[in-house]
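One structure below.
Nothing here was measured: the structure is a model prediction, and the numbers come from that model. As the structure lists them, so they are numbered: ligands from 1, and atoms in each ligand from 1.
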Amino acid sequence: MHHAPKPGADPERPTHVVFVGAGAVGCFYASRLHHPTHNIHTSLIARSNYGVLVQDGVRLLTHTFGDYTFVPHAVYPNVPSAASAQKWDYVVVTTKALPDRSDDAALIAPLVGPDTCIVLIQNGVGVEAPYRARFPGNPIVSGVTVISAEQVSPGTVRQNRWTRIHLGGYGNSAALEAGAERQDGELERKSDKRAEQIGDWWTRLGGIRDVEVADEIGLQTVRWHKLCINAAFNPSAVLCGGRGNADMVRDPELRAHLAAVMNEIWSAAPRILGRPFPADLATPDKILKSTERNVGSKPSMLLDWEAGRPMEIEVILGNPVRIARAKGVELPRMQSLYALLKSAQAVREQAKGKL
Ligand SMILES: NC(=O)c1ccc[n+]([C@@H]2O[C@H](COP(=O)([O-])OP(=O)(O)OC[C@H]3O[C@@H](n4cnc5c(N)ncnc54)[C@H](OP(=O)(O)O)[C@@H]3O)[C@@H](O)[C@H]2O)c1
């Protein structure tokens, strides 16, 4: 029987949510999903900031909700300790998506029971595929957020602006990408229902006003739209020698390059997904114009590069090139960015190894 989502969880049975990846995005969205009076209990699995979080909780400095401290239901130092603590209704993955470095689907496996819903809030495309392959029967919710947040010191997260999050059930988009019709089977229905449920909690209990729940292809459309921005600005900021967003769009040659990358994705995505971008999504031209005002902001990939951290190259460049190619669509500018950035990272890592 189909039940409409309720504002609170089951009063008879607690809902337990665990976030894997207690960074900027994880801490912010976890703090808006912890509602013990509604029987929703949210915990964190932390790594480098475990000591601070277990002692003091998370300090949130937010543009939208003011400043507050979030004390999670529990904080765990790793997956095995969270797995042995209890069963999890939701496992929300908010690590950086680095499939070339770590198989996070394998990482979370001990947390996932037969009814566990996996929620992914990460940039890029194709992030869901390893989870669907490992957990063929579990509901998966795919999430894309537009937020500007950072962990300014261990345990302190600042949200500068925006809280926009799109959620959608993920059945088996790999099959859809290969041209199959969506089956709308049990798995799809279960996943859609969980997307509605968690979106409703964030909206009604967490106070996030711009949560949107999309259908499966609709959500993928949002992912590819966000990719227009990320795949143009992120790698280019590194490869052009380390320049911020506004700085790049004010350089005519770089502006032409950014426009061309965005337009490449803009025209390819409807051919890949079989659905045009909705009319309300910003066009490449609009994105360039609004970026002129975004002075001082640096794309996350540039921050990662400057700090010597791995970059989300595969989900932002490699996966789109491969997914498009499988549909007979070439993305030549994206392929160049992918080849150059991947090589730059490898060369730097080799040099580090030689030190
Ligand atoms: N920040 C934003 O404004 C923003 C906006 C839109 C989308 N996104 C996307 O959201 C995702 C998360 O980004 P973020 O900015 O929140 O990144 P982040 O601040 O670097 O947080 C990632 C967290 O995951 C943890 N982690 C990684 N591997 C782990 C493991 N094996 N076990 C436990 N913890 C682990 C890291 O711990 P350590 O400290 O130990 O490394 C870190 O705390 C990315 O896909 C990003 O592109 C971010």
field: SB check E128 R223 (cutoff 4.0 Å)
entry: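 Counted as a salt bridge, because a side-chain N and a carboxylate O are separated by less than 4.0 Å.
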Salt-bridge criterion met for R101 and E314 (N-O under 4.0 Å):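 E314 and R101: not salt-bridged.
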- prompt: Mind checking what makes side chain to side chain contact (heavy atoms under 4.5 Å, CB included) contact with S81, not counting sequence neighbours?
  reply: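 Testing S81 for side chain to side chain contact (heavy atoms under 4.5 Å, CB included), a comparison that skips the adjacent residues, returns Y76, P77, N78.
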message: Checking T62 against Y68: is there a side-chain donor and acceptor pair closer than 3.5 Å?
response: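 On atom types as modelled, these side chains do not qualify, holding no pair under 3.5 Å.
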field: Under 3.5 Å side-chain donor-acceptor pair for Q220 and Y170
entry: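 Not at all, the side chains of Q220 and Y170 share no donor-acceptor pair under 3.5 Å.
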Could you list each N/O atom of ligand 1 together with any protein N/O atom closer than 3.5 Å, one pair per line with the distance?
residue	atom	partner	partner atom	Å
ligand 1	1 (N)	A149	O	2.9
ligand 1	3 (O)	I147	O	3.1
ligand 1	3 (O)	A149	N	2.9
ligand 1	3 (O)	A149	O	3.3
ligand 1	16 (O)	A24	N	3.3
ligand 1	16 (O)	V25	N	2.9
ligand 1	19 (O)	A24	N	3.1
ligand 1	28 (N)	R47	NH1	3.4
ligand 1	39 (O)	S48	OG	2.5
ligand 1	40 (O)	R47	NE	2.8
ligand 1	40 (O)	S48	N	3.0
ligand 1	40 (O)	S48	OG	3.2
ligand 1	41 (O)	R47	NH2	3.1
ligand 1	43 (O)	G23	N	3.4
ligand 1	45 (O)	N123	N	3.1
ligand 1	45 (O)	E312	OE2	2.7
ligand 1	47 (O)	N123	ND2	2.8
ligand 1	47 (O)	E312	OE1	2.7

field: W266 ring center near H225 ring center (under 6.0 Å)
entry: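 Ring centroids of W266 and H225 are less than 6.0 Å from each other.
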